[in-house]
Amino acid sequence: MAKNSRQKPIFLLAGLTVAIIIITLLAYKVVMREDETKDSSQNEDIPAKYEPLLAQVRRGFPVNVTIELNVEYHTEGLLPESEVQLQRDRIQLVREKLLEELAPYGVKAPSDPSFWVVPFVFLQIPNESALRKLIESPYVLQFDETSPGIPLDVNLPTFTPSPTFTFIGR
């Protein structure tokens with residue numbers, strides 16, 4: 001009888017452990033399902049073509065994009081001289097408004113776009129909220145990734161030969 005009384009606490013402890021594991025797994029499934037629902041509801045307003053960019057910024061990697069500004073544009077050679085400067089001013093105004101709109105999100109323009117006469121701008125988008133703001137912006141006609149995985153302001157190392165380097169051969 002003493003042997004049976006020792007086995008009961010072990011079986012109770014094992015049963016309790018299994019019950020705790022099952023409850024934990026069920027709770028984990030519920031939490032994961034809530035996260036998936038939250039993610040899918042957040043992505044409903046994102047066009048499918050921007051999903052890869054969204055995934056990239058979520059992983060902590062900035063995205064370099066070429067943006068076509070939402071401004072009427074005609075080739076300057078086809079415009080009367082009086083309208084060329086007006087078109088340039090409209091492009092510059094829309095570009096400035098876009099940069100002002102994205103500034104609070106840490107968006108950077110790797111080069112000075114103020115001298116450009118075409119309705120495009122290159123930007124580095126650092127995070128998800130900046131990307132969402134860019135997608136929603138009325139100043140943007142469309143955009144696409146400029147150089148996947150390569151920063152626009154990358155400084156490539158230069159090769160400097162060692163003073164002790166010698167060529168072998170003729």
Side-chain angles (χ1 to χ4, degrees), residues 24-163:
T24 304
L25 289 174
L26 290 174
Y28 179 75
K29 278 186 175 182
V30 168
V31 168
M32 291 304 291
R33 197 171 296 135
E34 286 174 1
D35 285 347
E36 288 172 5
T37 305
K38 193 184 308 178
D39 285 346
S40 65
S41 67
Q42 283 180 347
N43 292 344
E44 286 174 3
D45 58 338
I46 303 292
K49 71 178 188 174
Y50 298 130
E51 286 296 328
L53 302 179
L54 190 60
Q56 184 173 334
V57 294
R58 280 184 178 157
R59 288 191 312 264
F61 298 105
V63 175
N64 300 316
V65 293
T66 303
I67 301 165
E68 183 176 358
L69 300 172
N70 190 9
V71 63
E72 186 177 343
Y73 175 76
H74 300 285
T75 306
E76 289 186 354
L78 301 177
L79 291 175
E81 270 187 55
S82 60
E83 291 185 28
V84 170
Q85 190 57 45
L86 291 173
Q87 175 174 276
R88 288 180 181 182
D89 291 344
R90 281 193 306 269
I91 291 169
Q92 186 59 29
L93 179 66
V94 170
R95 188 179 289 122
E96 287 172 1
K97 287 188 177 283
L98 176 65
L99 291 172
E100 285 175 18
E101 183 179 71
L102 296 174
Y105 301 94
V107 173
K108 291 189 264 180
S111 63
D112 180 19
S114 61
F115 62 91
W116 292 9
V117 295
V118 292
F120 291 91
V121 65
F122 300 109
L123 296 178
Q124 187 174 65
I125 308 300
N127 54 51
E128 182 177 350
S129 43
L131 184 61
R132 287 181 180 280
K133 189 68 174 174
L134 181 66
I135 291 168
E136 299 167 358
S137 177
Y139 306 115
V140 175
L141 188 61
Q142 63 181 351
F143 67 91
D144 202 1
E145 189 169 17
T146 301
S147 52
I150 301 171
L152 292 177
D153 59 350
V154 67
N155 291 320
L156 297 174
T158 56
F159 175 73
T160 52
S162 166

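Quick note: numbers below take in every heavy atom, side chains included, and nothing from hydrogens, waters or symmetry partners.
- Atom-to-atom distance recorded for Y50:OH and D144:CG is 7.5 Å, nearest 0.5 angstrom.
- Taking CG of L98 as the reference point, atom CG of N70 lies at 10.5 Å (rounded to 0.5 Å).
- F143 is listed as a side-chain neighbour of L134, based on a closest heavy-atom distance under 4.5 Å.
- Q87 approaches L79 most closely through the heavy-atom pair OE1-CD1, 3.5 Å.
- Shown here for V65 and V63, the closest heavy-atom pair between the two residues is CG1-CG1, 3.6 Å.
- Shown here for L102 and A130, the closest heavy-atom pair between the two residues is CD2-O, 4.0 Å.
- Atom CD of E100 and atom OH of Y139 lie 8.0 Å apart (nearest 0.5 Å).
- Once rounded to the nearest 0.5 Å, the distance linking CG of L54 with CD of E128 reads 4.5 Å.
- In this structure, the side chain to side chain donor-acceptor pair (under 3.5 Å) partners of E101, at least two apart in sequence or on a different chain, are S137.
- A pairwise comparison of heavy atoms in L53 and L131 identifies C-CD2, 3.7 Å as the closest pair.
- Annotation: the span from Q92 atom CD to D89 atom CG amounts to 8.5 Å, rounded to 0.5 Å.
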Open item on the list: Please determine whether side chain to side chain contact (heavy atoms under 4.5 Å, CB included) holds for the pair I135 and V140, giving the CA-CA distance in whole Å, both sets of side-chain angles, and the decisive distance to 0.1 Å.
Closed with: CA-CA 8 Å; I135 291 168; V140 175; over 6 Å; no
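- Looking only at distances, no side-chain donor or acceptor of N64 sits under 3.5 Å from a matching main-chain atom of Q124.
- Interatomic distance, T66 OG1 to F122 CZ, rounded to the nearest 0.5 Å: 4.5 Å.
- Within the 4.5 Å cutoff, the side chain of V57 has no heavy atoms near those of the P126 side chain.
- Closest non-hydrogen pair, I91 versus V117, comes out as CD1-O, 3.5 Å.
- Looking at residues two or more places apart in sequence or on another chain, you find a salt bridge (charged side-chain N to carboxylate O under 4.0 Å, His left out) between E76 and R88.
- Heavy atoms only, all atoms of each residue included: P62 and Q56 are closest at O-NE2, 3.1 Å.
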